[in-house]
Protein chains: 2
Amino acid sequence: MNQNVITTVDVVLLTLAGKALNVVLMKRDREPFKNQYALPGGYIRPDEDVDVTAAAKRVLKQKTGIVSPYLEQLYTFSGGARDLRGWSISVAHYALVNESALRKGGNESFFLFPADNVPPLPFDHNKIIEFALERLRNKSSYSSLPSYLLPPQFTLTELQHTYELIMGTKLDKSVFRRKLSDLDFLEPVKNAIKMGKHRPAQLYKIKKDNRLVIFDRTV
Amino acid sequence: MNQNVITTVDVVLLTLAGKALNVVLMKRDREPFKNQYALPGGYIRPDEDVDVTAAAKRVLKQKTGIVSPYLEQLYTFSGGARDLRGWSISVAHYALVNESALRKGGNESFFLFPADNVPPLPFDHNKIIEFALERLRNKSSYSSLPSYLLPPQFTLTELQHTYELIMGTKLDKSVFRRKLSDLDFLEPVKNAIKMGKHRPAQLYKIKKDNRLVIFDRTV
DNA sequence: GAAATAGTGTCTGTAAGACATTATAGG
DNA sequence: CCTATAATGTCTTACAGACACTATTTC
């Protein structure tokens, strides 16, 4: 049975750059919309991919060179209207990476755009990005998700600023730190101090290595 | 380009029956797993369905006769291992319906099973049901979602019991009602009173008709 | 010492939880 | 009257928010 459904994956890769949340876009190397900016995406390959998330990881790696520490299925976009080539499914994913890992691991073929100011894109890619941002905002309010945008070690102020940036709200320093210590998912890194023209700051890392921590309260 | 990916939808239809959460299952009318219980599901039909959610609604209607007041995309399950026929995608949805609407609108070809005691099912259908229950539990804690399991009019005690059943926790009556009135999404139905061998109870309905209400706090 | 940021302490208001009390039906 | 449930009130505690204060570095 041939249903003639095009099956693809797209990835919304987000990172912090220049004190703003940025989306990674690529110039399409083929028709349709050749040479236009779009999300990294591609066909599912049943012979290579064990499931759609594996497909998303493969596509991200092949197109950008990046292996993200956090990648999650977002939503499945579908229909006959979104792609000229026919009725299609895109299982969209989103991923987070810290900027230095992106600069180091990436193959330089991609471009960063401020997440709140993305140009009009082909297909329904603008909508997919909106979904990703909404998911990120929601999930950040009750999890350690924003830490994937930071390097492995960071100060509490850096973490707070990241939460503030994502959620678009100011947080009180004292309240934020009280909650963090209640949530008990960070640990100070011995002898790791961030210097500056002021009192130095203790560096922290996530306790459970590289695992998303879900809180029972909001930050 | 033929990718040979089987594209399907499955629906986890949940309802309240006998003071428990129940899943609707059907006996499969074709191979594989003919005559075994499974989730209502079917192929996506690009010529009929505008998107996957339309496909899920169509499949649910055709197989069970039911049009659910609430149906939401859940998660996309995929891979070469889940279906003998080949590499497949199932865009799973979940839906809620109150029991009397199910009895009235349904075509009697389905079966109810307690959601916490579903028999082993073909494909990854047990896993899909687990996902649906987890989503229902999560979303219920901060929304009016459980009201879709109740008739259009209900008492506050019935609503509270529904929340308790879904989330598996006891709630304090006074606290629950205080929060509900703060959340301001219910309205009493004039002259609608539920009688019994005790003080009669006021009947309520959701203010915004048939719309999911998201709270900024938990119930 | 001044500037800048790190890090902690204190007060207050509000909301949640526990529980008691009153209200209103049937028998 | 008793029983059962509806509906509301009260007290206490916990936590969020606001803000002040202290600490430690560079210049």
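In the text below, chain A, chain B and the rest are named by the order of the sequence lines, each starting its count at 1. Please read all numbers here as calculations on a predicted model, not as lab measurements.
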Integer-rounded Å distance: D/dA23 C1' and A/Gln202 CD: 15 Å

Sequence neighbours left out, what passes side-chain contact (heavy atoms from CB on, under 4.5 Å) with A/Ser109? Give chain and number order. A/Met26, A/Asn107

Only pairs at least two apart or in different chains count here, so list each salt bridge (Lys or Arg N to Asp or Glu O under 4.0 Å) that has a residue in residues 110-132 of chain B. B/Arg82-B/Asp124

Students should find this one: the first and last nucleotides of DNA chain C, 5' to 3', lying under 4.0 Å from a heavy atom of chain A. What are they? C/dA4 to C/dT10

Please compare B/Arg199 and B/Thr218 by the position of their nearest nucleotide in DNA chain C and report the one closer to 5'. B/Thr218

Partners meeting side-chain contact (heavy atoms from CB on, under 4.5 Å) with A/Ala20 (sequence neighbours left out): A/Asn22

Given that A/Lys197 and B/Lys197 both sit by DNA chain D, which one's nearest nucleotide is further toward the 5' end? B/Lys197

Do any N or O atoms of the protein come closer than 3.5 Å to N or O atoms of nucleotides 10-12 of chain D, and which pairs are they?
{"residue": "D/dT10", "atom": "O4", "partner": "B/Arg178", "partner atom": "NH1", "Å": "3.3"}

Counterpart residues, side-chain contact (heavy atoms from CB on, under 4.5 Å), relative to B/Pro119 (two or more places apart): B/Phe113, B/Leu121

Write down the atom of B/Pro146, the atom of B/Tyr163, and the distance for their closest heavy-atom approach. CG-CE2, 3.4 Å

Give the residues of residues 156-166 of chain B touching DNA chain C, defined as any heavy atom closer than 4.0 Å, sorted by residue number. none

Cut-off 3.5 Å, no hydrogens considered: what does the side-chain donor-acceptor table look like for residues 176-190 of chain B, sequence neighbours left out?
{"residue": "B/Arg177", "atom": "NH2", "partner": "B/Thr157", "partner atom": "OG1", "Å": "3.2"}
{"residue": "B/Ser181", "atom": "OG", "partner": "B/Arg178", "partner atom": "O", "Å": "3.0"}
{"residue": "B/Asp184", "atom": "OD1", "partner": "B/Lys207", "partner atom": "NZ", "Å": "2.6"}
{"residue": "B/Glu187", "atom": "OE2", "partner": "B/Lys205", "partner atom": "NZ", "Å": "3.3"}

Pairs flagged by salt bridge (Lys or Arg N to Asp or Glu O under 4.0 Å) wherever residues 134-154 of chain A is involved - sequence neighbours left out: A/Glu72-A/Arg135, A/Glu72-A/Lys139

Check nucleotides 13-15 of chain D against the protein and report each pair of N or O atoms closer than 3.5 Å, with its distance, or say if there are none.
none

Sequence neighbours excluded - salt bridge (Lys or Arg N to Asp or Glu O under 4.0 Å) pairs with any residue from residues 141-162 of chain B: B/Glu158-B/Lys194

By nearest nucleotide on DNA chain C, pick out whichever of A/Asp172 and A/His198 is the more 5' one. A/His198

A/Leu171 CG to D/dA18 P: how many Å, rounded? 11 Å

May I ask you to check whether A/Thr76 and B/Thr76 show a side-chain donor-acceptor distance below 3.5 Å? yes

Kindly write out the residues that satisfy side-chain contact (heavy atoms from CB on, under 4.5 Å) with A/Asn210, not counting sequence neighbours, or none if the list is empty. A/Pro69, A/Tyr148

